[in-house]
Amino acid sequence: MSSQDTLGPRADEITPEIVAEHGLNREEYDRVCESLGGRAPNLTELGVFSVMWSEHCSYKSSRVWLAKLPTTGPQVICGPGENAGIVDIGDGQAAVFKMESHNHPSFIEPYQGAATGVGGIMRDVFTMGARPAANLNALRFGSPDHDKTRHLVSGVVSGIGGYGNCIGVPTVGGEVNFDKSYDGNILVNAMCVGLAEVDKIFYAAASGVGNPVVYVGSKTGRDGIHGATMASAEFDDDSDEKRPTVQVGDPFTEKLLLEACLELMAGDAIIGIQDMGAAGLTSSSVEMADKGGVGIELDLDLVPCREEAMTAYEMLLSESQERMLMVLTPGREDGAKKIFEKWGLDFAVVGITTDTGRFVAKHQGKIKADIPLDTLANNAPKYNRPWIAGEKRPVIVPDEVPAPNSLSDALIKLMSLPDLCSRRWVWEQYDHMVMGDTVGRPGGDAAVVRVHGTDKSLAVTTDVTPRYVAADAHEGGKQAVAETWRNLTATGAQPLAITDCMNFGNPQRPEIMGQFAGAIEGMAEACNALSYPVVSGNVSLYNETNGQAILPTPAIGGVGLIKNTERRASAAIGHDGDILLLVGTERGHLGQSLYQRDLVGKSEGAPPPVDLTAELRNGNFVRGLIEAGDVAHVHDCSDGGLWVAVSEMAMAADIGADITLGSQQLPAHAILFGEDQGRYILSVDADQVAKIIASAESLAIPVRKLGVAGGKSLRIDGEHEVKLADLRQAHESWLPEYMNTV
Amino acid sequence: MDKNMKAHVKITLKKGVLDPQGKAIHQALGSLGFDGIDQVRQGKYIEIDLAETDESKARAAIEKMCEKLLANMVIENYAIELEQT
Amino acid sequence: MDKNMKAHVKITLKKGVLDPQGKAIHQALGSLGFDGIDQVRQGKYIEIDLAETDESKARAAIEKMCEKLLANMVIENYAIELEQT
Amino acid sequence: MKAAVIVFPGSNCDRDVAVSLNAVMGSSPEMVWHGNAEVPKSDLIVLPGGFSYGDYLRSGAMAAHSPIMKDVIKKANSGVPVLGICNGFQMLTETGLLPGVMLRNANLKFICKDVQLRVERNDTVFTRRYKKDQVITIPVANHDGNYFADENTLARLEDNNLIAFRYCDADGHPTGEANPNGSARNIAGLYNENCTILGLMPHPERLADKQLGGIDGLALFESLVETLH
Ligand SMILES: Nc1ncnc2c1ncn2[C@@H]1O[C@H](COP(=O)(O)OP(=O)(O)O)[C@@H](O)[C@H]1O
Ligand SMILES: [Mg+2]
């Protein structure tokens with residue numbers, strides 16, 4: 001049968017409006033027709049192209065830039081391109097991880113949007129054969145004064161908890177920031193880290209012809225079908241339900257799906273497996289077939305549906321959650337089916353792999369789509385969009401930034417800022433201990449989770465400082481990578497690799513594309529210098545409303561390995577009488593600092609530069625001390641600067657500290673609140689000090705005695721006293737108080 | 001006579017929105033041996049005692065409460081019944 | 001004529017049983033500026049589609065479901081309405 | 001001692017409690033699928049924490065009707081010790097093996113944090129390794145941990161000394177501030193009449209290992225091993 005006979009669109013079917021509603025421009029549409037051998041697509045095919053060639057699936061604006069990121073290294077088992085990245089953690093084990101955005105759905109419906117974001121990223125990880133071991137979430141909300149913010153914070157946090165707690169994966173870390181640029185575009189970036197056996201990793205490739213394609217999990221509904229409201233209304237007789245339905249998460253079903261998949265994966269029935277994420281059935285089948293170099297034919301009559309009269313278009317584009325597609329070894333269907341039935345899940349053979357190289361979908365006896373696979377998967381346009389780099393800003397001299405009236409008041413004020421106050425209100429709503437391996441709970445630099453049943457642990461963190469990226473995309477991108485590296489190092493972990501979530505505005509604006517390009521180049525520079533490659537990631541563009549773009553936010557998720565869980569560090573002061581040491585160079589950099597932004601009210605100058613050579617040297621030194629068992633209490637200096645870091649260590653231990661400004665010629669507020677990079681504070685036994693200093697000096701690493709731990713307050717050279725109780729009150733109360741005032 | 005009203009508010013999921021709770025209840029009823037069930041949907045039922053005698057004012061107030069707080073209009077519908085108490 | 005029934009089941013907390021959700025809604029409505037509310041109680045609303053035409057059989061079945069699973073009789077009451085569909 | 005951990009669809013602390021049991025027993029407990037009809041002969045039955053059936057409808061309600069529960073109830077009534085942790089406690093109240101119900105936490109939020117508990121008595125198979133009135137630290141992690149029972153029931157529980165643990169402050173006082181979720185009389189755990197069944201909301205298995213930050217939970221498992229061998 002010639003596909004042209006059955007597949008030609010009705011005369012009036014594909015209007016320019018319908019093409020536009022599918023997010024394809026004129027050139028892209030022409031490319032679609034060309035891919036089909038010169039004919040026009042029908043509506044179903046247009047829908048398939050629109051999702052496969054969307055920014056989300058095809059990375060058409062970002063691909064040329066992403067290619068600049070280093071993705072290899074001896075530790076890398078699988079870099080970007082699969083569902084998640086994989087790194088070797090020794091003993092035949094691997095860490096599998098990825099971060100992904102669910103920004104827009106979370107703005108529309110914060111609870112379900114965030115919940116399904118968590119569900120989606122976990123499927124990316126367990127589809128590769130890994131059991132999820134830890135979740136993280138990087139969140140950005142609008143200004144606290146904006147009337148939507150509270151509602152969004154509350155919904156997103158309970159949605160993340162609602163999903164992760166139920167499925168029983170600990171949520172151990174993340175970030176929360178507030179800035180008015182996110183008023184209309186919040187960011188919800190979810191990360192999952194899983195553990196797998198190296199010889200039991202599963203990939204998406206569907207090799208072999210004549211193999212059964214199997215659908216498992218939940219039934220398909222009309223969830224999250226974007227594209228054409230108008231076009232889909234045409235075949236939806238229920239006129240009051242035109243709005244694309246929000247995806248609702250079902251963590252219980254996901255838990256069953258996780259256990260069922262892992263049970264099946266213990267055997268050898270699976271050839272390829274892929275979760276149904278964005279663009280559900282379409283992208284999962286296209287990607288599996290393309291990677292395996294085969295064709296695929298789906299019989300949509302066999303797809304388990306939960307709603308009546310679903311069309312081919314709807315089934316192919318539905319984003320219903322908690323579903324997976326697998327290609328099995330022929331003859332193994334019955335055994336597999338038993339497992340899924342035991343867990344109460346749908347199991348249906350819905351297609352077969354073919355040698356045609358085409359994606360074919362049949363429904364009710366008709367061919368609804370017949371498209372060359374290669375074109376769908378690989379022929380999306382690739383844009384090298386015009387970009388302009390932001391202007392370099394001057395480095396602010398410390399003396400130009402006014403001193404506070406009172407140093408101690410300034411500290412209290414900083415510690416209670418929305419961007420710096422305690423996130424306890426958030427993480428206490430997350431089960432961060434389930435699975436019994438969280439040895440470093442939220443609140444420290446990176447969370448530490450044991451590799452179950454071993455002496456090893458993984459350290460995990462997410463970081464980015466968007467105001468730095470906005471001021472200098474290159475330095476900001478560098479800094480984000482370096483900060484994760486530093487956070488991992490501060491626990492004693494050897495950083496292994498990162499995942500990223502690139503959240504930016506409209507890439508068709510050259511200045512936004514400039515931010516993207518700059519951030520990528522900065523990230524690449526840091527990754528290269530630190531031998532810390534990118535193994536997975538995600539891009540979220542068009543985060544803007546009425547021309548107001550978000551701050552450029554390349555969120556970085558870092559994973560590191562602690563070989564001996566007994567040799568790790570916490571971010572608390574160790575003991576009364578400990579000596580505090582500062583490792584790293586002090587320059588008193590106040591440009592783009594929180595002190596400058598929130599206490600002086602200015603956002604000026606260049607962000608703190610990151611010296612990657614010093615970063616590497618200082619970090620390796622600190623990690624060496626932890627690994628040797630010489631130091632067990634370390635915190636890095638980041639947002640807010642030195643005194644803030646000391647305060648955090650003091651509150652964590654309920655032990656105060658008297659610190660000294662040292663001998664450098666800098667104003668006190670620059671020493672205390674400057675955000676110089678590459679620094680760590682160590683709390684050490686008095687009798688270790690000489691040895692550590694000598695060893696640092698022999699390596700030309702800047703180190704100085706910062707002070708002495710003890711008492712219940714903080715002081716600077718015996719003055720400017722701040723009681724820990726007052727500090728704690730300031731630090732702990734902002735978020736709960738904010739959230740309790742409706 | 002009392003001068004109060006009681007509002008009975010039913011909040012239900014819109015058609016087509018997945019109802020994981022209803023689905024799980026359906027399955028559980030099935031394994032308890034209850035057959036012949038086609039579908040189960042779970043919603044909320046909220047009773048509000050109001051110091052208001054005017055029915056149309058009461059209705060307007062409850063509608064506002066539903067839109068603002070009680071129902072999540074992205075995925076839920078609501079229905080109000082009023083009763084003099 | 002179709003030969004099905006739809007059961008509307010309201011599950012409410014017994015008098016005297018603490019209702020944290022109702023209390024929280026009451027407070028939230030208050031701070032949104034809704035005055036004159038005396039009490040808010042939250043319950044569940046469950047719709048069950050049954051392949052059963054006989055009303056009394058349907059009612060008996062739904063009652064059993066409530067007693068066995070849908071309601072916790074220690075703290076909850078239920079009320080059933082049936083509708084031919 | 002032989003122990004059986006019942007695994008329900010949605011259980012997620014089954015592995016955690018098995019790890020703790022293994023640490024004190026020196027061997028693994030039997031993991032028993034909820035769809036089975038019978039619990040193998042054991043000295044202890046554990047209903048683990050988690051979200052059985054997603055905690056949909058009411059926490060523990062659907063699990064209480066799982067096929068295995070008939071036998072669990074039978075064995076419990078014949079005196080086999082049963083430990084219900086968190087979701088397991090919710091199942092015990094849903095089956096009526098323990099009185100009362102768990103309502104949504106007073107602040108309506110999921111709460112995961114360390115809390116302090118006062119050990120009300122140490123003459124049971126679950127607590128002999130503790131001291132009476134000892135203050136211990138154990139984490140809670142739940143959304144529905146707000147214990148409710150009518151006044152008569154509460155009075156009976158107090159009169160018969162059936163309260164196992166109460167939320168308390170550092171000095172052992174069951175204050176309002178120390179109560180994380182609004183539970184009646186600060187009740188965190190309960191016994192049946194014979195003290196052979198214990199239901200508690202906090203998770204002793206989460207602080208039974210030094211690396212996790214404490215071992216106050218370990219004594220509960222050690223008590224069981226000591227008395228049940
Ligand atoms: N959304 C969140 N979920 C869980 N933990 C969070 C979240 N936001 C922040 N945290 C935790 O709070 C602590 C402080 O966060 P942050 O200020 O970003 O740390 P740092 O400056 O060390 O990178 C970290 O332990 C972090 O993991
Ligand atoms: Mg961080």
Side-chain angles (χ1 to χ4, degrees), chain A residues 131-132 154 157-172 249-260 342-345 424-443 448-450 452-453 455 457 564-566 568 570 736 739-740, chain D residues 7-23 33-36 48-57 59 62-63 85-87 105 107-115 138-144 180-181 202-214 217:
Chain A
R131 180 176 283 281
S154 160
V157 169
S158 53
I160 289 170
Y163 208 101
N165 300 346
C166 180
I167 196 169
V169 174
T171 303
V172 298
D250 182 356
F252 172 55
T253 296
E254 176 119 325
K255 167 73 174 168
L256 305 180
L257 188 61
L258 162 68
E259 299 300 339
K342 168 187 153 192
W343 291 99
L345 297 165
R424 183 183 305 279
W425 183 91
V426 175
W427 78 64
E428 283 187 349
Q429 293 183 59
Y430 300 154
D431 190 336
H432 49 268
M433 306 179 211
V434 63
M435 295 181 85
D437 284 312
T438 308
V439 295
R441 298 186 189 179
V448 181
V449 178
R450 287 188 301 212
H452 190 68
D455 293 334
S457 286
N564 176 357
T565 301
E566 290 292 323
R568 67 182 195 281
S570 76
M739 292 308 298
N740 277 338
Chain D
V7 181
F8 298 88
S11 289
N12 62 34
C13 304
D14 43 336
R15 185 182 86 177
D16 306 2
V17 77
V19 167
S20 293
L21 283 167
N22 196 328
W33 182 238
H34 81 115
N36 295 0
F51 283 68
S52 58
Y53 295 91
D55 270 1
Y56 299 152
L57 190 63
S59 301
M62 294 194 241
I85 301 170
C86 197
N87 201 219
N105 293 339
N107 70 354
L108 304 191
K109 293 188 181 13
F110 189 95
I111 302 170
C112 177
K113 66 174 185 185
D114 286 349
V115 297
I138 307 267
V140 287
N142 60 64
H143 213 160
D144 300 301
N181 49 27
H203 288 266
E205 77 278 18
R206 293 189 178 191
L207 276 183
D209 171 347
K210 274 213 185 78
Q211 283 187 343
L212 294 175

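Within every chain, numbering begins at 1; the chains are lettered A, B, ... in the order of the sequence lines, protein sequences first and strands thereafter.
- For a residue to count as touching a neighbouring chain, one of its non-hydrogen atoms must lie under 4.5 Å from one of that chain's; by this rule A:T565 touches chain D with backbone and side chain alike.
- Side-chain atoms of D:R15 and A:H452 form a donor-acceptor pair, as typed in the model, at a separation below 3.5 Å.
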Could you go through A:D437 and D:Q211, starting from their C-alpha distance and side-chain angles, then the distance that decides it, and tell me whether this counts as side chain to side chain contact (heavy atoms under 4.5 Å, CB included)?
CA-CA 9 Å; A:D437 284 312; D:Q211 283 187 343; over 6 Å; no

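- In this structure, the portion of D:Y56 lying under 4.5 Å from any heavy atom of chain A is its side chain and not its backbone.
- Note: D:K113 leads D:E205, D:K113, D:K210 in heavy-atom pairs under 4.5 Å with chain A.
- Of the listed residues A:T253, A:V448, A:N165, A:V169, the one with more heavy-atom pairs under 4.5 angstrom with chain D than any other is A:N165.
- With a threshold of 4.5 angstrom between heavy atoms, A:E566 approaches chain D through its backbone and through its side chain.
- In terms of heavy-atom pairs under 4.5 Å with chain D, the best-connected choice from A:G453, A:G440, A:C166 is A:C166.
- A pairwise comparison of heavy atoms in D:P202 and D:I85 identifies O-CG2, 3.6 Å as the closest pair.
- Contacts of A:I167 with chain D are made by backbone atoms alone, with heavy-atom separations under 4.5 Å and no side-chain atom involved.
- For D:D209, the part lying under 4.5 angstrom from a heavy atom of chain A is the side chain only.
- For the pair A:P170 and A:T438, the tightest heavy-atom approach, listed with the atom from each and the gap, is CB-OG1, 4.0 Å.
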Working for side chain to side chain contact (heavy atoms under 4.5 Å, CB included), residues A:V157 and D:K109:
CA-CA 10 Å; A:V157 169; D:K109 293 188 181 13; over 6 Å; no

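- Annotation for A:G436 and A:R450: closest pair O-NH2, 2.9 Å, computed over non-hydrogen atoms.
- For D:N12, the parts lying under 4.5 angstrom from a heavy atom of chain A are both the backbone and the side chain.
- Only the backbone of D:S11 comes within contact range of chain A, with heavy atoms under 4.5 Å apart.
- The shortest non-hydrogen separation linking A:Y430 to D:F110 is C-CE2, 4.4 Å.
- A perpendicular orientation is assigned to the rings of A:W343 and D:W33, their planes being inclined by more than 60° (bins at 30° and 60°).
- Proximity to chain D is absent for every atom of A:R424, based on heavy atoms less than 4.5 angstrom apart.
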